[in-house]
Every structure is written in structure tokens, then in C-alpha cells.
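What you see below is based on every heavy atom in this structure, not just the backbone, and it leaves out hydrogens, waters and symmetry mates. Chain A is the first sequence line, chain B the second, and so forth, proteins listed ahead of strands; every chain is numbered from 1.
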Amino acid sequence: MTENNYPLQLLLVEDNPNDAELTIDALRETKLVNNVTWVKDGAEALEVLLANDKEHDPARLLKLVLLDLRLPRVDGLDVLRAIRADRRTKLLPVVVLTSSREETDLVRAYELGANSFLVKPVESEAFLKAVKEVGLTGCCSTGCQERRDDRPPR
Amino acid sequence: VVQPERAKANIHGSASGASAPSARHFHFDILLPLWVVALLGLALNWQQNLGAKAVLGLTAHTQAVLVALSAVESGVLGVDLRAALQRGGPRDAPSFLGKYVALTDRNLVELQGLTIHKPIQQARLARLRTLIKAHRLASGSAFSQQKQFTLAAILGQLGQMQRFEHQLLADRTASEVRQLGRLLLLEAATAVGTVAMLVLATVLLKRERRWVAAANSEMRRSRARFFYLFEHANLGIAISRLDKNDGGLALQANAALANTLGVSIADVEQRGLTAFLLPEGQVTQSEALDSMLENNQASARLTLPYRHHNGDTVWVDETMILRRSGSGGESELFSLLVNITQLRDEEQVLLNKVRYTRSLIETSLDPLMAISIEGKIDDVNEATVRATGLPRGLLVGRDFSEFFTEPERARQSYQTVFSDGVVRDFPLTLRHCTGTLMPVLYNASTYLNAEGKVLGVFAAARDVTQTRSMEEELRRLNATLEQKVQERTADLTQANEELESFAYSVSHDLRSPLRAIDGFSLKLVKSSGDVLDQEGRRLLQVVRDNALRMGQLIDDLLRFSRLGRRELEVSRVDMEVLAKSVATELLVLENERQIEFSCGELPPAQGDPALLREVWLNLLSNAIKFSRRRPVAHISVGGAVEGAEVSYWVKDDGDGFDMAYAGKLFGVFQRLHRQDEFEGTGVGLALVQRILHRHRGHIEGEGHLESGAIFRFSLPSAVPFVPGAPPP
């Protein structure tokens with residue numbers, strides 16, 4: 001699922017394969033994403049995000065995380081909490097995936113530092129809006145700048 | 001000596017008869033010294049008389065001595081003369097001489113006797129005898145020298161003796177004269193004294209006569225007064241002879257007494273007072289009399305029942321005074337009677353009142369106590385005796401606090417009574433002598449005398465054993481209830497949480513396949529749109545529409561469940577602003593329709609603004625929805641204050657509904673229109689009703705087919721706080 005021309009490297013955390021397939025379809029439609037890493041539960045997500053292997057640190061390349069909240073093993077909120085707790089991923093944009101606007105978990109997610117949310121099924125327009133919202137498209141926003149400064153030198 | 005004594009006795013006797021004691025003593029005291037003077041005068045007089053007689057005797061004695069001396073002289077001289085004449089003369093001479101000698105000797109003996117008390121004369125006499133003897137011896141020889149010498153000596157001696165006697169006589173005579181003078185003076189004085197005494201005696205006697213007369217008249221007046229008093233006294237008086245034989249015959253009785261008994265004075269005097277006594281009174285009286293006589297008492301006081309002439313009993317307060325006769329004669333009994341029948345009746349009435357009052361106190365079920373200022377029990381009632389198990393004797397005088405389990409607190413409450421005047425429902429515990437405890441509520445207030453001075457405290461200790469046990473039971477039940485409530489609340493909370501989690505799961509898990517259905521249908525349309533024909537695409541659209549609708553249903557259901565459980569955050573809500581803002585939001589979405597919206601003045605409400613917004617949202621969107629077939633729709637909103645409620649209404653002129661189904665208006669998923677007429681899930685009004693119920697308000701709808709509908713809802717002016725109420 002790697003498409004090198006796409007400027008955005010992205011981690012999708014989603015346990016439902018149907019949802020994952022539809023989401024990836026929508027992302028591909030946007031032609032904005034060049035690499036989607038799909039993991040099926042929270043523990044796996046944390047492995048990818050917080051691996052100690054410095055040479056192949058995937059987290060360095062990641063620009064965005066799409067995080068479903070209802071996950072087996074480690075819950076989405078716990079993943080979010082861990083992302084925000086680690087120095088390397090503290091500023092990584094996280095967009096939460098939810099099945100309804102009414103979810104109370106959304107509030108918790110924002111409290112824990114989520115940057116935006118998408119109601120499933122993810123549609124390409126909504127995704128683009130969200131990407132804009134977190135400041136990842138077009139010219140570099142202040143958010144880009146800050147993240148670059150914060151990143152460890154290559 | 002005897003006579004004055006008798007005179008004194010007479011005066012004394014007469015004086016004792018006088019009625020004025022001061023006068024009697026007065027003249028006796030004056031007369032006594034006078035009598036002494038008189039007696040002294042008489043005694044002196046008599047003594048002087050005796051002295052005079054002695055002087056006369058002494059004079060005679062001196063004369064006799066002188067005579068005897070002369071006789072001796074002449075005897076001596078006679079012998080010598082005869083001897084001279086008879087010298088050588090007749091033979092009878094010796095006998096003649098002898099006669100003279102004998103005479104002289106006789107005279108000498110006489111002298112001896114006469115001068116026995118005068119030692120000087122006796123000594124001279126002794127010398128004379130010696131001289132005479134010597135002379136007689138010398139007379140044998142005639143005219144001898146010796147003879148003449150002794151004669152001269154004898155004569156000298158005699159002369160000496162005679163001069164002595166003469167001197168004595170002269171002395172005595174002078175003293176006699178002096179004595180006589182004194183006697184005269186004394187007699188004169190005595191005479192004067194006697195006269196004065198007589199005069200005084202006369203005066204005194206006259207005065208005494210006046211005194212006696214005055215005393216007599218005083219006595220008469222006194223008697224008259226006594227009789228007046230006796231006759232008119234309000235007090236019944238009887239004087240009886242106390243005789244063992246006739247048992248007290250009345251000598252005299254007064255009118256008051258006769259009146260008391262309803263008989264005549266004569267009746268009383270004839271029959272005696274005792275005759276009117278009732279039998280029990282007779283016993284009492286005779287016992288009292290015996291006691292008086294035995295113990296030598298002067299008086300006794302009794303309450304005795306007498307029988308009135310009309311048969312009534314007359315109660316009498318009788319004072320008996322015993323007058324003893326001087327020497328074993330008859331004694332007299334004075335009876336003073338006061339009729340106390342009415343007093344006794346009144347006393348009885350009073351006593352009954354007192355008994356009644358007391359009986360109320362005694363009947364009280366509450367232990368009652370009168371407590372002195374010092375905290376000592378003055379009085380208790382029967383309930384106190386029962387509560388403590390102690391007899392009154394052991395309670396009265398003891399400190400009241402001793403009988404409570406907490407004496408210190410009891411005393412505190414007692415002090416409060418004095419400072420506040422009253423103590424109400426002070427909880428204490430009373431201890432029975434067997435150790436049983438009785439919880440009481442101590443109620444006390446001060447009691448005052450007529451002047452308003454605090455005499456002590458009147459306290460009631462109400463037994464609250466039953467109340468306490470009931471309270472205990474109630475408390476226990478409350479605790480149980482509380483526990484049950486807590487358990488139920490916990491259960492409910494848990495159930496709510498489970499429900500929440502269930503709802504969450506349901507929505508999440510139900511949506512997931514819906515998303516797949518919709519998503520993959522769409523994917524199919526997109527990827528294979530050219531393969532599918534018109535019908536295929538339509539079918540896929542139906543699949544998608546239904547998935548969408550089901551998503552809405554799930555959302556609404558979840559919303560309904562959530563809003564129902566949400567805690568109310570009550571504040572003042574400006575309903576007019578709220579209704580207008582909601583209407584504006586909704587009308588913007590319907591900009592191609594013609595809707596005339598009007599909003600009247602709406603009173604503010606108390607409630608949760610977010611939920612009330614939901615109410616307006618649902619009602620207004622319904623109005624817009626169901627009026628969409630009208631070319632120009634009319635929607636109006638109004639409100640009013642109605643008593644303790646505020647009410648609002650939303651009216652439209654849309655399709656309305658059939659009132660026959662009005663009961664289904666507010667049911668969840670209940671719809672009065674077909675889905676192809678008006679879309680909807682049937683949750684809106686159910687949600688509205690639920691929100692209003694949670695605000696203690698209510699809603700009703702009224703509609704007519706094709707002529708619109710009106711929904712009225714009202715809220716209480718003040719909404720009580722209701723924590724997370726469970727769904728109905």
C-alpha cells in the first residue's frame with residue numbers, strides 16, 4: 001500500500017477491516033497520502049510509534065495518526081495518552097475516528113490532546129478538511145514549523 | 001411592849017382589808033417610825049423613872065449610914081462620959097457601960113452592912129473597930145493619955161467617914177436634880193409625839209376610809225363590767241361546779257352559749273353543759289378533764305361536737321379553764337365556747353378543693369417534683385414514687401439530681417430554669433432504686449409566691465421510654481431504608497452505567513455493519529457503476545437509504561437515552577431569545593419555503609438551557625416539517641405566566657393530526673404519519689416530553705387533520721434539583 005509520490009506518511013489504527021478498507025479507499029482518493037501504515041490494535045500501534053530502533057524509527061517519518069477509539073487490547077484513548085506522553089511523538093497530529101458525533105469518548109479524546117476527529121465512514125472531503133485543520137497541507141503553518149524544530153536531527 | 005405589838009397587828013389587819021394596796025403600804029410605812037419614836041420615848045421615860053427611884057434609895061442609904069455613924073460616935077462618947085461621972089461612983093456603972101458598948105457594936109455591924117459596897121468606908125470602918133477596941137482596953141485606966149488619944153482617933157475616923165458620906169449625898173442629890181430635868185424634857189417630848197401621832201392616825205384613818213369606799217365602788221363597777229361582758233359576749237361562757245358526783249353542773253351560762261345550743265339559759269344551767277355534748281364529745285371531754293386534774297394543768301382546748309336543739313351537730317372550739325378551790329373544796333370549770341361549725345364547713349370545702357388539686361397532681365402519669373432553690377426535693381407525687389421505687393420519706397429533702405444518671409447535667413438543667421425561667425424537653429435518665437433506667441424529658445419552670453419571689457422549681461419528667469424505643473425503631477428503619485436506598489442507588493447507578501455502556505456498544509456495534517453496508521454499496525456504485533443497470537443502481541440506493549435511516553434511528557435512540565439521564569443544569573433561561581434563535585436557525589435551512597413566523601412575549605423559565613433548546617428545536621422543526629405542504633405556512637409561538645407555572649405554545653397551520661391517535665404522540669418511535677409523507681424517527685416528541693417531565697413540567701398536543709396543530713408545554717416557575725433521574 002505504499003505510494004511514494006504521496007507527500008504524507010500516515011498511521012491508521014483500526015480494528016475493523018471493512019472500515020479500514022473504506023478509509024484507505026477514501027485516503028487514496030485524496031492523493032495526499034503516500035504511505036499508510038495500518039495496525040489493528042492499540043498495542044501494535046504503540047509498538048510502531050514508540051519503537052526504540054533509532055535507524056528505522058517509523059515515528060520519525062509519520063506525519064499523522066488516524067486513531068479509532070474502540071480497539072481491542074490497548075484502548076484508543078490509552079494510545080493517545082501514550083503518544084502525548086512521549087517526547088518524540090508529543091506533537092504528532094492525531095485525528096480520532098468515531099462512529100458518531102455523539103460519542104462521549106470524543107470529549108475525552110480532545111482532553112487528551114486529539115487534534116481533530118472524523119466520523120466513520122471516512123470520506124475524502126472530510127479527511128482533507130481534517131488535514132487542513134491540523135495544519136498539514138499547503139504552505140507550512142506554524143504547526144509545521146514547530147514540529148520541525150522539535151524533531152531530532154537526521 | 002405588848003401593846004404596840006397589838007397595835008401594829010391591828011393596823012396590819014385593817015390594812016389587809018383595804019382594797020388599795022398602795023395606800024395601805026403608804027400609811028403603814030409612815031406610822032412605823034412614829035411608833036418607834038413613841039416606844040423609844042416611853043422606854044426612856046421608864047428608865048428615867050427607875051434612875052430617879054435609885055437616886056432616892058441611895059440618899060436614904062447615905063442618911064442611914066450617917067445616922068449609924070452618929071450613933072457610933074455618941075456610943076463612944078457616952079461610954080467615956082459615964083465613965084467620968086462614975087469614977088469611984090455607984091456599983092451599977094459596969095452594966096450601964098456594957099449597954100453602950102453593945103449598942104456601939106450593933107451600930108458597927110449595921111455600918112458594916114450599909115457600907116458593904118464601899119471599900120473605902122469598909123477600910124475606915126475596920127480601922128474604927130480597931131480604934132474602938134483599943135479605946136475600950138484603955139478605958140480601964142481612967143483618963144489616961146492612951147484613952148484620950150484613941151478617942152480622938154475614933155472621932156477623927158468617924159468624922160472622916162461622915163464627910164465621905166456627906167460628899168456622897170451631895171453628889172447624888174446633884175445627879176438626882178439633873179436626872180429630873182432630863183425626865184421632864186423627855187416626858188414633854190413624849191407627850192408632843194403622842195399628840196402628833198394621834199393627829200396623823202386620825203388623818204390616815206380618814207384617808208383609809210376613803211380608799212376603802214373607792215375600792216368598793218371600783219369592785220362594783222368591775223363586777224358590772226364583768227356581767228356585761230358575760231351577758232353580751234359573742235363567746236359562749238359557762239361556769240360549772242366541778243363535782244365528782246354531779247359531773248359538772250352549770251352554775252351560770254350566758255346568752256351566747258344558750259344561743260349556740262338553741263336553748264334557754266335556764267336549760268343550760270339546769271341540765272349542765274355536758275348534757276348537750278354528743279357521746280363521742282363526752283368521752284373526749286372527760287379524758288381532757290382527767291388529764292388536767294392529773295397533770296395539774298390550768299386549761300385545755302378541745303374541738304367538741306354539741307347537739308343543737310334542732311338536732312344539728314354544732315362544732316365548738318372549747319377552752320376549759322379550771323379554777324381550783326383553796327382548801328380541797330369544790331373547783332370551778334370555766335368553759336369558753338366558739339361556734340366553729342361554719343368554719344369547719346368552709347374548711348371542709350377548702351379541704352376538698354385542696355384534696356382535688358392534690359389528687360390531680362397525684363394522678364399525673366408524669367413524675368412531678370417541687371424542688372427548693374437549694375435543689376432539695378420539697379414534694380413529689382405518686383408517679384415519682386413509682387419511677388424511683390422510693391417512698392416519699394426517702395425522697396423529700398434529698399438532692400433531686402441524685403436520682404438521675406447524670407447528676408451534673410441534671411443540675412445544669414436546673415440552673416437553666418433559674419436563668420431562663422423554664423427548661424423544655426431536656427433529655428435525662430431517671431434511675432429506679434432497682435437500677436432500671438427510664439429516659440425522660442425534663443420540663444421545669446420556677447414557681448413564685450404571692451410577692452413574685454422564686455420559691456423553687458416545679459419539674460415534670462415525662463417518661464419517654466416508649467417514644468425512645470419508637471424513635472430507636474424509626475432510626476433503625478431509617479438506617480435500613482437509607483441502606484436500601486443506597487443499595488438501590490448503587491444498583492441503579494450500576495444499571496445506568498451498564499445501560500450507558502450497552503447503548504454505547506449498541507450504537508457502535510450497530511453502526512459498524514451499517515457503515516460497511518453503505519460504504520461498500522457506494523464502492524460498488526463507484527467501481528462498477530458502468531456494469532450496473534438503472535435498476536441495479538436504484539436497488540443499491542435503497543440499500544444505502546435504509547442504512548442511513550437506521551443510522552439516524554440509532555442516533556436518535558441514543559440521544560433520547562442520553563438526554564433522559566443527563567443531570568439537569570438549571571439556570572434562568574430567556575425563552576424568547578432561545579425560541580427565536582432556534583427558529584432562525586431552522587428557517588435558514590428552509591429558505592425556499594414561505595413561512596410566516598411570529599413570536600409573542602415569552603416569560604423566562606428555570607431549567608437546563610441545552611435541554612430546553614432541544615424542546616424548542618423539536619417542536620419548531622415539527623411545525624416547519626408538518627406545514628410544508630402549505631404554500632405559505634404560519635407558525636406562531638406564545639407564552640404566559642399561569643400561577644406557579646410558565647406555559648408556552650407552538651402553533652402551526654400544517655397537516656395536523658387525528659386526535660384519535662393523540663395518545664401515541666409522545667411514545668418513542670410512535671408516528672402518526674407515514675414515512676413517505678413525513679420523514680422522522682418518532683423520537684422527537686418523546687424526547688420533548690421526557691425533558692419536560694424531568695423539569696416537572698408537562699406537554700399536550702392538540703391537532704385536527706389538515707388544520708394544523710398546537711403544542712402547549714408548561715414548566716414550574718422554580719424547578720427543584722433532580723439528580724440523574726432514571727429513565728421511566
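In this structure, B:Arg488 places its CZ atom where only 12 or fewer heavy-atom neighbours from other residues, nucleotides or ligands lie under 6.0 Å away. Atom OH of A:Tyr110 is surrounded by more than 12 heavy atoms from other residues, nucleotides or ligands within 6.0 Å. Residue B:Gln534 qualifies as open at atom CD: its count of foreign heavy atoms under 6.0 Å is 12 or below. Taking a 6.0 Å sphere around NZ of B:Lys523, one finds it holds more than 12 heavy atoms contributed by other residues, nucleotides or ligands.
Side chains of B:Arg515 and A:Leu22 form no contact here, defined as non-hydrogen atoms less than 4.5 Å apart.
Considering CG of B:Leu522 and CD of A:Glu123, their distance stands at 7.5 Å, rounded to 0.5 Å. Interatomic distance, B:Ser512 OG to A:Asp68 CG, rounded to the nearest 0.5 Å: 8.5 Å.
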